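All values reported here derive from a predicted model rather than from experimental measurement. Residue numbers begin at 1 in each chain, while the letters A, B, ... track the order of the sequences.
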Amino acid sequence: MELSLLNAFIAVFIAIAFVGANAAYLVWWERKGAGFFQRRPGPTENGPWGLLQPPLDGIKLMTKQLLIPGGVDKAIFMVAPVLAMFPALVSFVTIPFSSSIQAHTIEVGVLLIFAFAALGSMSLLVAGWSSRNKYAMISSIRAVSQTVAYEIPLLITTITVVLIAGSLELSEIAAAQMGGIWNWYIWPFQKSAGFNIFMPISFMIMFICSVAETNRAPFDLGEAESELVAGFHTEYSSMGFGLFFMGEYANIVIGACLITILFLGGWACPFGDLGFFPFTHHVGWFLLKLYLIIFVFVWIRWTFPRTTIYGLLNLSWQYMIPLSLFNLLLTAALIKVFA
Amino acid sequence: MIETPSLFSADGLVGLIFLFMIVVTFCGGLLAATADRLVRALSGLVICFTGVAGIYYFLNSPFMAMMQILIYVGAVCVTISFAIMLASPEQKQRRGTGSVLAGPIGFAVGALIFAGMSGLALTTNWQQFDKINEGSVKQIGHELLTTYSMVFELISLVLLIAIIGAVVIARGGRNQ
């Protein structure tokens with residue numbers, strides 16, 4: 001008991017540290033990426049390649065005055081940023097970084113991530129509402145209607161993968177894709193998927209939904225600066241804003257983790273389980289895939305312009321949901337016949 | 001006589017977690033019932049549901065716990081908050097007081113229900129059941145498609161009716 005309790009504490013500590021470090025340095029990564037795609041240097045002044053920028057930003061945010069505008073609903077206003085950060089932290093507990101590195105093996109790992117993502121969307125709502133600011137409220141309603149719309153195809157696509165892998169546990173889904181790059185669920189004609197030709201489309205749906213779920217450009221309608229000042233966190237200053245920002249980046253990491261595990265084999269080595277190759281189950285492969293996906297997120301954000309809210313919702317309700325439903329039915333039928 | 005475990009043993013710690021969940025549920029419910037602003041009441045509801053999910057998790061049923069959060073917080077509460085915000089963006093405060101009799105009658109009914117429930121709880125001869133299965137997703141799915149398949153199908157029928165209803169309402173399109 002004592003040992004397992006200690007393990008749990010260490011795991012939670014590592015999860016928090018990982019989330020914090022990622023949230024801080026993804027901002028740096030994003031700004032460098034933005035600079036790269038727009039042909040400018042990005043942060044350069046503080047430290048080599050601007051690497052000291054995130055901690056300095058953190059100090060700046062923490063030392064700023066925490067302004068609470070008059071007329072806000074104080075209790076909810078203060079709780080909302082915490083609520084934005086906390087689901088992301090909980091979700092990290094169940095993510096397997098390798099076959100052995102996982103804080104807590106829970107049988108319904110996929111469900112846990114989606115359940116707490118739902119709590120996260122609740123935080124956007126109460127943040128926008130408690131600010132007593134029209135722009136913040138419009139933004140939070142937009143953000144949540146978007147999250148609700150894209151949660152459906154995301155869930156259906158995830159169910160498709162769960163059906164193929166036969167498990168709701170993330171580490172088992174990853175383990176089912178071991179043995180080489182051709183076993184990853186991103187490819188068509190998998191034997192375990194009943195030779196389904198639509199797996200790459202599933203992957204695309206999953207990818208687009210992850211971008212939309214994290215409210216990132218080109219789907220960042222909730223933060224459309226030209227229309228809504230700054231979005232649901234308009235009234236937040238200091239670390240209140242900082243927590244929203246960190247929560248956003250933590251959610252990006254979780255989205256990328258999910259894509260990695262569900263479609264790219266998790267920690268599985270792309271060259272198969274070669275006897276002479278020592279790191280075939282290594283956490284390094286996981287992180288490599290993870291940051292590759294995050295790089296594509298950054299790439300997309302600084303390449304495409306923002307869509308409109310109707311275009312965004314139509315894309316989900318008219319195309320993504322029917323497509324993902326069709327794919328789910330097809331996969332179920334094919335598995336019944338072939339696998 | 002059941003022995004009370006020490007506070008710092010494993011059982012004691014687990015008991016503390018259970019009590020914490022009870023307190024969370026209770027406080028959430030209290031907030032939901034007494035708040036004078038609708039959105040605060042909704043926040044209370046969210047806290048209450050989360051506490052209930054914690055109790056499910058404590059009772060070794062993680063699937064139920066996750067479903068509780070996913071459905072009740074992620075769907076029901078979000079829908080309620082949409083309704084509140086879109087229907088009346090102005091902050092609705094409770095105005096005025098009810099009838100003079102409302103307090104005493106409410107108290108009497110509450111006391112009666114409390115007395116009845118606690119009397120029932122104390123006089124019932126509680127039986128301890130063995131654990132039927134491990135409550136895994138596999139078991140639940142198996143039971144749903146064999147023993148309770150009728151209920152399962154009926155629920156999907158209810159959901160189908162709800163979807164058709166939504167389609168009928170939304171049929172006019174945006175420029176209705």
Side-chain angles (χ1 to χ4, degrees), chain A residues 1-2 4-5 71-77 79-80 83 86-87 90 94 104-130 132-134 136-138 140-141 143-145 147-148 151-152 155 162 166-169 310 313-314 317, chain B residues 8-14 31 35-47 49-50 53 56-57 60-86 89-91 93 134-141 166-167 170 173-174:
Chain A
M1 178 61 199
E2 273 80 26
S4 66
L5 206 63
V72 301
D73 197 329
K74 225 173 187 173
I76 300 181
F77 188 77
V79 169
L83 203 62
F86 143 83
V90 176
T94 184
H104 182 53
T105 313
I106 178 167
E107 191 195 23
V108 288
V110 178
L111 272 181
L112 183 132
I113 290 179
F114 284 112
F116 281 90
L119 263 182
S121 65
M122 205 60 214
S123 86
L124 303 190
L125 260 182
V126 293
W129 181 83
S130 67
R132 302 289 291 129
N133 176 326
K134 271 181 193 147
M137 208 173 93
I138 293 172
S140 67
I141 288 180
V144 174
S145 63
T147 320
V148 168
E151 211 164 64
I152 301 168
L155 264 171
V162 166
S167 174
L168 277 169
E169 198 181 318
Y310 287 143
L313 293 179
N314 281 347
W317 291 104
Chain B
F8 295 103
S9 68
D11 285 347
L13 209 62
V14 164
L31 186 62
D36 51 1
R37 289 173 191 162
L38 274 176
V39 174
R40 281 201 180 172
L42 183 69
S43 309
L45 202 62
V46 170
I47 296 169
F49 284 149
T50 315
Y56 280 137
Y57 194 85
N60 243 329
S61 187
F63 179 70
M64 287 296 290
M66 294 312 145
M67 278 314 195
Q68 171 84 12
I69 294 182
L70 192 66
I71 294 171
Y72 283 92
V73 178
V76 173
C77 284
V78 168
T79 316
I80 294 175
S81 58
F82 263 102
I84 294 172
M85 288 182 189
L86 293 178
E90 281 312 304
Q91 211 164 6
Q93 292 241 14
E134 72 261 62
S136 66
V137 184
K138 203 171 233 166
Q139 291 276 0
I140 293 172
V167 169
R174 288 197 181 102

Task: Region of B:Leu42 in contact with chain A, defined by heavy-atom distances below 4.5 Å - done: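 Only the side chain of B:Leu42 comes within 4.5 Å of chain A.
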
Task: Residue part contacting chain A, namely of B:Tyr57, when any heavy atom lies under 4.5 Å - done: side chain

Side chain, backbone, both or neither: which part of [X] has an atom under 4.5 Å from a heavy atom of chain B?
X: A:Ser145; value: both
X: A:Leu125; value: both
X: A:Leu168; value: side chain

Task: Nearest heavy-atom neighbours spanning A:Ala115 and B:Met66 - done: CB-O, 3.7 Å

TODO: Provide the closest heavy-atom pair for B:Gly74 versus A:Ala118 in the form atom of the first, atom of the second, distance.
DONE: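 Scanning both residues completely, I find the closest heavy atoms to be CA-CB, 3.3 Å.
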
Task: Close side-chain approach of B:Ile69 to A:Leu112, heavy-atom, < 4.5 Å - done: no

Open item on the list: Can you confirm whether A:Glu169 sits close enough to B:Val137 that some side-chain heavy atom of one is under 4.5 Å from a side-chain heavy atom of the other?
Closed with: no

Open item on the list: For the OH atom on B:Tyr72, are there more than 12 heavy atoms of other groups (residues, nucleotides or ligands in this structure) within a distance under 6.0 Å?
Closed with: no

Open item on the list: Check this for me: B:Tyr56, atom OH, are more than 12 non-hydrogen atoms of other residues, nucleotides or ligands nearer than 6.0 Å?
Closed with: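 Incorrect, the count does not exceed 12.
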
Task: Residue selection (most heavy-atom pairs with chain B, distance under 4.5 Å) from A:Val148, A:Val79, A:Leu83, A:Val144 - done: A:Val144

Task: Atom pair CG/CE of A:Leu111 and B:Met67 - distance to nearest 0.5 Å - done: 5.0 Å

